[in-house]
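What follows is a single structure, written as structure tokens, with notes after it.
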Amino acid sequence: MRAETSTLRPNPFSNGGSGETLVEVENLKMHFPITEGVFIQRISGLVKAVDGVSFQIKKGETLGLVGESGCGKTTTGRCILQLEKATAGSIRFDGVDLTALDERSLREMRRNIQVIFQDPYSSLNPRMKVGEIIGEPMYVHGVEPDKKARRARVRDLLTTCGLRPEMDDRYPHEMSGGQRQRVGIARALALNPRFIICDEPVSALDVSIQAQVINLLEDLRDKFDLTYLFIAHDLSVVRHLCHRVAVMYLGKIVELADCDELYDNPQHPYTKALLSAVPVPDPEVERKRPRIIVSGEVPSPINPPSGCVFHPRCPIAVETCRRDIPELREVSPGHWAACPLV
Ligand code: SF4
């Protein structure tokens, strides 16, 4: 056992298949300082929001990043977007270390990396018309300087995202939640990105709309050769879209595998518990299948448990789990789990 999941030799977190790597996150840490004092501030502790996370995403691949709220998945996405300056680790996009770029180069690079936010209600400026919202990034980056051409492209993007072109004249409040999220997707596509971080893009939507938006994201991925990091708080929405899934708990990846493998053969007790909470459509199967309930709440990342951070809630914990930090190990080809008992 060792204290950290560190370097990738050979990369344990790649899917092992062919295809070029587009995104490479290595030993990423994001520790937020907690300060005390009014006049003289001093650091009294650290919130270890992300604590040694590594993964790769191939071109055209969708990696799911799943875990309960507060596990560090959104912070991981924000670090990749350079909205947070990581405490340690590297983030490479197409071989370029984003953490080492100056402001100008980062601005250029940002055209390739876009985000779709969770809440279509608060992520769109209520004072701007839909056409302005989608056209703004093009204007800022000088992608389509001509106003007429920009408007035509905005209307094209609306159609691509399943909306009527004349909706460019509406305000966000005149649209439904699903339509607003489609506007958010059209805005993310405006600069022809190569990589999109989808940060819980369907969790604020009605269940009936969720599948439509997932299907749209799948179509767009195929049509525009996109690569996604798909962040979600439960496993039920990622199966259809993701090629591989990484499960996070308290700032660390505890399991990573191909999507079907993870669903059919979960290894880590936390993944098993998450999966047992996913409803099964067949009521007969649903009634008979065993439930794995993990007790208690996710501990605070300010003072995480010693050893395996999952040990206070783990149904199969043994004495050594309090002491030893489990490392991710390959339990079968391409399937990694951070638990020595599996
Ligand atoms: Fe549970 Fe111990 Fe495995 Fe952690 S290392 S998941 S506490 S059995």
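Whatever order the structure lists ligands and atoms in, that order sets their numbers, starting from 1.
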Subset of ligand 1 atoms that lie under 4.0 Å from at least one heavy atom of H311: 7 (S)
Atom 1 (Fe) of ligand 1 contact by C314, N, O or S atom under 2.8 Å: yes
Pair E108, H141: side-chain N/O donor-acceptor within cut-off below 3.5 Å: no
Within 6.0 angstrom of R322 CZ, more than 12 heavy atoms from elsewhere: no
Y139 atom OH, over 12 foreign heavy atoms within 6.0 Å: no
SB check D234 K73 (cutoff 4.0 Å): no
R313 with E68: basic N within carboxylate O range, under 4.0 Å: yes
Minimum-distance protein heavy atom relative to atom 3 (Fe) of ligand 1: C339 SG, 2.2 Å
Protein contact of atom 2 (Fe) of ligand 1 - nearest heavy atom, named by residue and atom, plus distance: C321 SG, 2.2 Å
Distance filter under 4.0 Å to H268 heavy atoms, resulting ligand 1 atoms: 6 (S)
Where ligand 1 meets L341 - atom numbers and elements under 4.0 angstrom, heavy-atom basis: 8 (S)
Side chain to side chain contact (heavy atoms under 4.5 Å, CB included) between L22 and I57, intermediate numbers included: CA-CA 6 Å; L22 186 66; I57 313 176; 5.7 Å; no
Per-atom contacts, ligand 1 versus P269 - under 4.0 Å to a heavy atom: 6 (S)
Identified salt bridge (charged side-chain N to carboxylate O under 4.0 Å, His left out) counterpart of D168 within the set K129, R151, R187: R151
Closest approach of any protein heavy atom to atom 4 (Fe) of ligand 1, naming residue and atom: C308 SG, 2.3 Å
Protein heavy-atom partner closest to atom 5 (S) of ligand 1 - residue, atom, separation in Å: P340 CD, 3.6 Å
